[in-house]
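Worth saying up front: this structure is predicted, and the values here are computed from it rather than measured. Each chain gets a letter, A, B and so on, in the order its sequence line appears, and its residues count up from 1.
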2 protein chains.
Amino acid sequence: MGYAMTTSSLDGIMEQLECADALDGLQTASEALRNHYQIDHLVYHWVSSSGQQYGCGTYCPDWVARYLDAGYLRIDPVIVGCYQRFHPVDWKRLDWSSKAARAFQKDALEHGVGNQGYSIPIRGPNGQFALFTINHSCHDEAWAEFTESNRRQLILLAHAFNQKALELEPERSPMAAQALSPREVDAMTLLAVGYSRAQVADTLSISENTLRVYIESARHKLGALNTTHAVAKAISRGVIVV
Amino acid sequence: MGYAMTTSSLDGIMEQLECADALDGLQTASEALRNHYQIDHLVYHWVSSSGQQYGCGTYCPDWVARYLDAGYLRIDPVIVGCYQRFHPVDWKRLDWSSKAARAFQKDALEHGVGNQGYSIPIRGPNGQFALFTINHSCHDEAWAEFTESNRRQLILLAHAFNQKALELEPERSPMAAQALSPREVDAMTLLAVGYSRAQVADTLSISENTLRVYIESARHKLGALNTTHAVAKAISRGVIVV
DNA sequence: CCCCGCCTCACCATTTCTGATGAGGTGCAA
DNA sequence: TTGCACCTCATCAGAAATGGTGAGGCGGGG
């Protein structure tokens, strides 16, 4: 791995990423960075709310297809682990103990994924979640040294990748998220912490009928099918925080 | 402002922050960074759900108290604007047009908040949201030059501050989440996307009675009061991905 | 000044959810 | 082998949520 990299080259890649078109830029930058760092793979993986995913990077198409088909999103310890974390994490520190996880790991190795990995969770507005991952095949010590010495740069890269990727979903812009009124937020928030309608109405000192209007209008604004769905959407969009 | 700063000093502050105790470290680092950058103020502001807030930084206590008392959290354009954004934002680019916002702005200026500001939104697991803000009194050009040339460092600082602040809430750690069985996850997931019990049972090809057992046991595992609460908890704990 | 969004309340039949309990089969792990 | 957790199904009465509509008052922005 290229410990003696020139920062000028890295800056060049970052600047190019910031200016380029989103779809092109992300893929190009992934490959440029893989070469720059001399590692096996570099991946940006957007895990969207509705189960949709967007990914770009240097994994071979076979593996990507297999990942999607087999529903690995649900059992990949990297996803599961990073979803609960803020700081970048080495794959070794994740929980690979379950049978499904080990099977996944084996499959990944057979598809050219390196034995070492380092993933940075990134979060955007409205509950957006993404992972910026590098991985490689090498010994633990070399990997630890590599990740530690490049940690800050990788965080910035993750940030830059996500910023670029957000351009791909214009509906996630401030405009798209239909804002809830204060009362609607109150209602959703209290429902989300387990209050019944009667309790919420009581807490807010309004009639239950009034409360129902809020819930209904919040539901419509959120495009939800029922109260539970509305609360779920409100949470994953970050409209309310529980 | 100190354009000719020495990066060694900055690195020192960052390293100290990473090692220090959370409560102390954040406050100390705020002040050290203000001196380092020669700016009026530097603030880290954790905006939690139920109106709870944690902040540290260099604003005068009067202003902090006033901010909390007056409920400025709800109308501060910096909060409102950054909540929908991913990238760092200059305060000039926010929407100050509403009457409440202008009143807030006037009040802020009178309490020693600079006319220029730059805020970086940061998000952690479970919908955590925080702001890392610097502000100063100077002309637009100088400010633009300052923020642009320090943007990357500020992003890393924001990241470091948030990582430290997360230590203050240990219950947000991965441990707290009790694992659901696969069927329970299925049930919660489908409920979260708006299906009724009948629909979920149909989708999973099980009887509605069976489904209810899953929902019940998931509810107990999650310590939830009702189905909506259970789904909300499952989402915010990252047990399910919607 | 006027419009629009927000806050507040009411009605009622119908559908859906809840809570508690019992019970049989499967598979993994100590 | 013996748990233990998981998956599957059933029953029942009572409590709670839903859906759609109408309507009056208030305040801020164009």
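Separation of atoms CG (B/L191) and OG (B/S196) is listed at 8.5 Å; rounding is to 0.5 Å.
Residues from residues 207-218 of chain A with heavy atoms under 4.0 angstrom of DNA chain C, sorted by number: A/S207, A/N209, A/T210, A/R212, A/V213, A/Y214.
Taking side-chain N and O atoms only, A/K221 has no distance below 4.0 Å to OP1 or OP2 of C/dG5.
Ranked by how close their nearest DNA chain D nucleotide is to the 5' end, B/S98 and A/H220 are led by A/H220.
A/L225 comes within 4.0 angstrom of the backbone, heavy atoms only, and of no base. Using a 4.0 Å heavy-atom criterion, one finds that B/S97 contacts no nucleic acid atom at all.
Rounded to whole Å, the distance from CD on A/E184 to C1' on C/dC7 is 10 Å. The distance from atom CD1 of A/I206 to atom P of C/dC9 is 7 Å, rounded to the nearest whole Å. To the nearest angstrom, C1' of C/dT14 lies 16 Å from CG of A/N226.
A/H220 is linked by a ring pair (Phe, Tyr, Trp, His ring centres under 6.0 Å) to nothing, counting only residues two or more places apart in sequence or in another chain. Considering only residues two or more places apart in sequence or on other chains, B/R34 meets the salt bridge (Lys or Arg N to Asp or Glu O under 4.0 Å) condition with none of them. For the ring pair (Phe, Tyr, Trp, His ring centres under 6.0 Å) test, residues two or more places apart in sequence or in another chain that qualify with A/F132 are A/F161. For the ring pair (Phe, Tyr, Trp, His ring centres under 6.0 Å) test, no residue two or more places apart in sequence or in another chain qualifies with B/H87. The salt bridge (Lys or Arg N to Asp or Glu O under 4.0 Å) check on A/R212 picks up nothing, with sequence neighbours excluded. For B/H41, the ring pair (Phe, Tyr, Trp, His ring centres under 6.0 Å) test picks out B/Y59, with sequence neighbours left out.
Exactly one residue among A/Y67, A/W63, A/Y72 makes a ring pair (Phe, Tyr, Trp, His ring centres under 6.0 Å) with A/H111. That residue is A/W63. Residue A/Q116 is tested with A/T147, A/N135, A/D140 for a side-chain hydrogen bond (donor to acceptor under 3.5 Å, both in side chains); the sole match is A/D140.
Between A/F104 and A/W96, the ring planes are parallel. Angles under 30° get that label, and only those over 60° would be called perpendicular.
Taken together, the paired segments of DNA chain D that extend over three or more consecutive Watson-Crick or G-U pairs, each closer than 3.5 Å at both contacts, are C:1-30 with D:1-30.
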Close N or O pairs between protein and nucleotides 27-30 of chain C (under 3.5 Å):
none

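You'll find the side chain of B/R183 reaches within 4.5 Å of the side chain of B/L204, heavy atoms only.
Every pair passing salt bridge (Lys or Arg N to Asp or Glu O under 4.0 Å) that includes a residue from residues 105-124 of chain B is listed here, sequence neighbours excluded: B/R66-B/D107, B/K106-B/E110. Residue pairs meeting the salt bridge (Lys or Arg N to Asp or Glu O under 4.0 Å) criterion with at least one member in residues 223-232 of chain B: none, sequence neighbours excluded.
Scanning DNA chain D 5' to 3' for nucleotides with an atom closer than 4.0 angstrom to a non-hydrogen atom of chain A gives a first and last hit of D/dA17 to D/dG20.
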